[in-house]
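Positions are given from 1 along the sequence. First listed ligand is number 1; within each ligand, the first listed atom is number 1.
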Amino acid sequence: MVYRGPMSASKLARPALDYKDSFLAALAEFRAESLYDFVDVAETSKDFKGFVDRLNAGARLLHHPAPDWLEPVPETLLWLVKDEDFIGTLHIRHRLNWHLERWGGHMNFAIRPSWRGKGFGKKLLRKALPAAAALGVERALLTVRPGNAAGIHVIEDCGGVFADETDATERFPARRRYWIECVR
Ligand SMILES: CC(C)(COP(=O)(O)OP(=O)(O)OC[C@H]1O[C@@H](n2cnc3c(N)ncnc32)[C@H](O)[C@@H]1OP(=O)(O)O)[C@@H](O)C(=O)NCCC(=O)NCCS
């Protein structure tokens, strides 16, 4: 069971079985907006332990833009949780490859749709900075779609400094690129 202290607060945690029901509900919400639609829901539900073990082993299950032509980089995946609720997901890449330099960045994150607009996006990114620093990322690149006003707001509010905007290519959309100091 998840430890319930006197006051429950959100925290970043490794994926764990405690969050199964909540994660599966969140997955349905994400898929309604075409996020994580490459995750097999039936398989994930049937073998949630295997799913969680693969995430914790750095299996890059949720990050697979083009494994055949990209240099793999180590990635740590954390969930923002509160009690037994899954609130959001955070990917931290320990270093960049050429694709991440232009499009993916060191970190990306998402709050499940039903928990948005309550400050958890900012909470997640604030907690992500020391977590990234502990993994050796002193300065993190974050990228965001130019039309993603909420994402831009969260990144700028957490100290993101705008660098530039990459052009769209045939395969990838334009991105605004920001740097954030993780060591403060
Ligand atoms: C971006 C995202 C993480 C924000 O999560 P959230 O929990 O709603 O964020 P918060 O509640 O902490 O705050 C969002 C801030 O953006 C503002 N905001 C929300 N929607 C907005 C919009 N359409 N236009 C402008 N600002 C907006 C909010 O008012 C809030 O600012 P405030 O606290 O100063 O009022 C969430 O929308 C999401 O998961 N999107 C899909 C994935 C994604 O875009 N990730 C970010 C890029 S990696």
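- Between Val144 and ligand 1, a contact under 3.5 Å exists for no N or O pair.
- A 4.5 Å side-chain heavy-atom check between Pro74 and Arg95 finds at least one atom pair inside the cut-off.
- Remark: ligand 1 and Gly121 share an N or O pair separated by less than 3.5 Å (distance only, no angle test).
- For ligand 1, none of its N or O atoms has an N or O atom of Asn108 under 3.5 Å away.
- Checking each of His94, His106, Arg93 against Glu75 for a side chain to side chain donor-acceptor pair (under 3.5 Å) leaves exactly one that passes, namely Arg93.
- Atom 8 (O) of ligand 1 has as its closest protein heavy atom Gly117 N, 2.7 Å.
- In this structure, atom 41 (C) of ligand 1 lies nearest to the protein heavy atom Arg116 NH2, 3.7 Å.
- Residue Phe109 has at least one N or O atom closer than 3.5 Å to an N or O atom of ligand 1.
- Interface atoms of ligand 1 facing Gly151, defined by a heavy-atom separation under 4.0 Å, are 1 (C).
- No side-chain donor-acceptor contact under 3.5 Å links Tyr19 and Glu84.
- Aromatic ring pairs are classed by plane angle as parallel below 30°, tilted from 30° to 60° and perpendicular above 60°; the pair Phe23 and Phe86 is perpendicular.
- By the 6.0 Å contact criterion, CD on Glu138 is open, its count of non-hydrogen atoms from other residues, nucleotides or ligands being 12 or less.
- A cation-pi arrangement is not found for Arg175 relative to Trp103, the charged atom failing to lie both closer than 6.0 Å to the ring centre and inside a 45° cone about the ring normal.
- Less than 4.0 angstrom separates atom 46 (C) of ligand 1 from at least one non-hydrogen atom of the protein.
- Counting only heavy atoms, the protein never gets under 4.0 Å from atom 29 (O) of ligand 1.
- No donor-acceptor distance shorter than 3.5 angstrom exists from the side chain of Lys11 to the backbone of Asp83, with no hydrogens or angles considered.
- Listed by number with element, the atoms of ligand 1 under 4.0 Å from a non-hydrogen atom of Phe120 are 7 (O), 11 (O), 12 (O).
- When hydrogens are left out, the protein atom nearest atom 25 (C) of ligand 1 is Ala149 CB, 3.5 Å; that is the closest non-hydrogen contact.
- Considering both main-chain and side-chain atoms, Ile155 never comes within under 3.5 Å of ligand 1 through any nitrogen or oxygen pair.
- Looking at Lys118 next to ligand 1, an N or O pair under 3.5 Å apart turns up.
- Salt bridge status for Asp164 with Arg177: present, with a side-chain N to carboxylate O gap under 4.0 Å.
- Of the heavy atoms in Asn148, only side-chain atoms (C-beta onward) come closer than 4.0 Å to ligand 1.
- In this structure, the separation between CE on Met107 and NE2 on His91 is 12.5 Å, given to the nearest 0.5 Å.
- In this structure, CG in Asp53 is found 3.5 Å from NZ in Lys49, a value given to the nearest 0.5 Å.
- Among all non-hydrogen protein atoms, the one lying nearest atom 14 (C) of ligand 1 is Val154 CG2, 3.8 Å.
- Regarding atom 19 (C) of ligand 1, its nearest protein heavy-atom neighbour is Ala150 CB, 3.6 Å.
- A donor-acceptor contact shorter than 3.5 Å links the side chain of Asn56 to the backbone of Pro15.
- Applying the 4.0 Å criterion to heavy atoms of Ala110 picks out, from ligand 1, the atoms 39 (O), 42 (C).
- The pair Glu165-Arg102 fails the salt-bridge criterion, with no side-chain N (NZ, NE, NH1 or NH2) lying under 4.0 Å from an Asp/Glu carboxylate O.
- Scanning all protein heavy atoms for the shortest distance to atom 34 (O) of ligand 1 gives His153 NE2, 2.8 Å.
- When only non-hydrogen protein atoms are considered, atom 39 (O) of ligand 1 lies nearest to Ile111 N, 2.8 Å.
- The protein non-hydrogen atom at the shortest distance from atom 11 (O) of ligand 1 is Gly119 N, 2.7 Å.
- Checking only distances, Lys122 does come within under 3.5 Å of ligand 1, N or O to N or O.
- Checking side-chain atoms of Lys20 against main-chain N and O of Ser45 turns up a donor-acceptor pair under 3.5 Å.
- Ligand 1 has no N or O atom lying under 3.5 Å from any N or O atom of Leu35, backbone or side chain.
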